[in-house]
Amino acid sequence: MRWRAPLIWLALLLLLAAGMAWLEPLFRWLEPGTRQVIYPHADFLVLLGRHLLVVAVASLLAVLLGVGAAVLVTRPAGRDFLPLVAQFASMGQTFPPVAVLALAVPVLGFGTWPIIVALLLYGLLPIVRNTLAGLEGLEAGVMEAARGMGMSASQRLWQVELPLAAPVILAGIRTSVTVNIATAALGATVGASNLGAPIISGIVNGNTAYVLQGAVLIGLLALCVDSAFERLQRGLGPGAQ
């Protein structure tokens with residue numbers, strides 16, 4: 001039952017993506033003078049799958065790099081690099097994704113890879129920040145107890161530190177992924193095929209129906225993913241069964 005909300009959002013998302021053509025009368029009312037009111041250049045389920053793939057790849061890379069870097073700089077050998085890692089992650093978030101796309105296209109070409117790079121940089125800060133907060137915020141007594149039990153440094157990391165910090169780390173991943181779901185729409189400006197394509201096409205052609213179709217699907221996807229992360233956080237929280 002606790003997964004009811006994510007499943008409801010997922011059902012609405014898939015139903016709308018598969019049956020967008022059924023809503024043609026509604027969009028026709030919105031754009032009465034437009035010949036084509038349903039985005040025709042790709043199936044919405046295909047666009048949804050491509051959108052999810054881009055976000056998943058970028059988020060996975062961000063998690064690996066962000067959590068890995070935060071773990072390294074909280075070890076004695078890497079603690080001197082902690083300010084550098086924190087500043088780099090902050091710079092990635094403050095650098096506009098559009099600027100990243102503009103710089104990445106000449107190197108990577110048009111398509112999916114520039115938006116993956118932009119999402120990777122944009123999604124690092126909340127992951128790095130929360131991982132640092134989770135690992136640095138552990139009680140000293142817990143760590144002393146782990147050392148007293150004879151655990152090695154790697155055992156303390158995998159069996160004590162990361163499990164205890166998991167709820168805080170997951171909160172950072174949740175923020176990163178949810179924000180990137182919306183930001184991924186910018187990929188359509190450099191030739192990536194995802195749910196941003198109807199939005200960009202609608203803006204260029206002055207077709208509000210196209211914009212609304214892409215925006216609603218992205219919103220439902222964000223709600224579905226965010227509510228799923230919320231349930232995961234509850235499962236990792238105190239008193240979880």
Side-chain angles (χ1 to χ4, degrees), residues 52-97 99-100 103-104 113-184 222 225-241:
L52 272 172
L53 180 62
V54 167
V55 173
V57 171
S59 298
L60 178 60
L61 292 174
V63 169
L64 292 176
L65 289 175
V67 174
V71 167
L72 287 175
V73 298
T74 53
R75 304 305 97 183
R79 190 165 290 276
D80 291 342
F81 296 96
L82 194 154
L84 179 63
V85 168
Q87 290 170 5
F88 176 79
S90 299
M91 185 175 64
Q93 179 104 49
T94 56
F95 208 65
V100 177
L103 295 173
W113 283 109
I115 189 61
I116 289 178
V117 172
L119 295 181
L120 168 60
L121 293 176
Y122 204 60
L124 275 176
L125 177 60
I127 296 174
V128 171
R129 183 177 56 199
N130 279 45
T131 304
L132 289 175
L135 294 176
E136 295 283 281
L138 296 177
E139 295 182 8
V142 174
M143 301 307 299
E144 287 298 327
R147 291 189 186 94
M149 294 173 62
M151 286 186 172
S152 64
S154 62
Q155 287 176 325
R156 292 196 301 271
L157 173 64
W158 291 104
Q159 298 179 28
V160 179
E161 294 181 69
L162 287 178
L164 290 177
V168 180
I169 296 173
L170 191 61
I173 296 173
R174 174 185 177 183
T175 300
S176 175
V177 173
T178 305
V179 170
N180 277 348
I181 287 173
T183 309
V225 171
D226 186 69
S227 60
F229 271 109
E230 181 187 9
R231 297 315 185 272
L232 286 174
Q233 282 182 262
R234 288 184 182 181
L236 292 175
Q241 297 297 322

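Values below: every heavy atom of this structure, side chains too, minus hydrogens, waters and symmetry copies. What you see is a predicted model; the values in this text were computed from it and never measured. If you read the sequence from its start, that first residue is 1, and numbering goes on from there.
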Hey, mind stepping through L232 and R174 against side chain to side chain contact (heavy atoms under 4.5 Å, CB included) and telling me if it holds? CA-CA 10 Å; L232 286 174; R174 174 185 177 183; over 6 Å; no
Contact summary for [X] and [Y], nearest pair of heavy atoms:
X	Y	result
N130	G172	ND2-N, 3.1 Å
R79	T74	NH2-O, 2.9 Å
P167	Q233	O-NE2, 4.0 Å
Q155	G150	OE1-O, 4.2 Å
A133	V168	CB-CG1, 4.4 Å
A70	T131	CB-CG2, 3.4 Å

Would you check if [X] and [Y] make a side-chain contact, meaning some heavy-atom pair closer than 4.5 Å?
X	Y	result
L135	L162	yes
E139	L164	no
L72	F81	no

So, taking the atom named [atom1] in [X] and the one named [atom2] in [Y], what distance separates them when rounded to the nearest 0.5 Å?
X	Y	atom1	atom2	result
R156	M149	CZ	CE	11.5 Å
L52	I181	CG	CD1	7.0 Å
I116	L53	CD1	CG	7.0 Å
E136	L82	CD	CG	6.0 Å
L119	S59	CG	OG	7.0 Å

Does D226 use its side chain to pair, donor to acceptor, with the backbone of T178 at less than 3.5 Å? no
R75 side chain to V71 backbone, donor-acceptor under 3.5 Å: yes
Quick one: which of V85, V63, L65 gives a side-chain contact (heavy atoms from CB on, under 4.5 Å) with L124? L65
Before giving the answer on side chain to side chain contact (heavy atoms under 4.5 Å, CB included), spell out for V73 and L132 the whole-Å C-alpha distance, their side-chain angles and the decisive distance to 0.1 Å. CA-CA 9 Å; V73 298; L132 289 175; 3.7 Å; yes
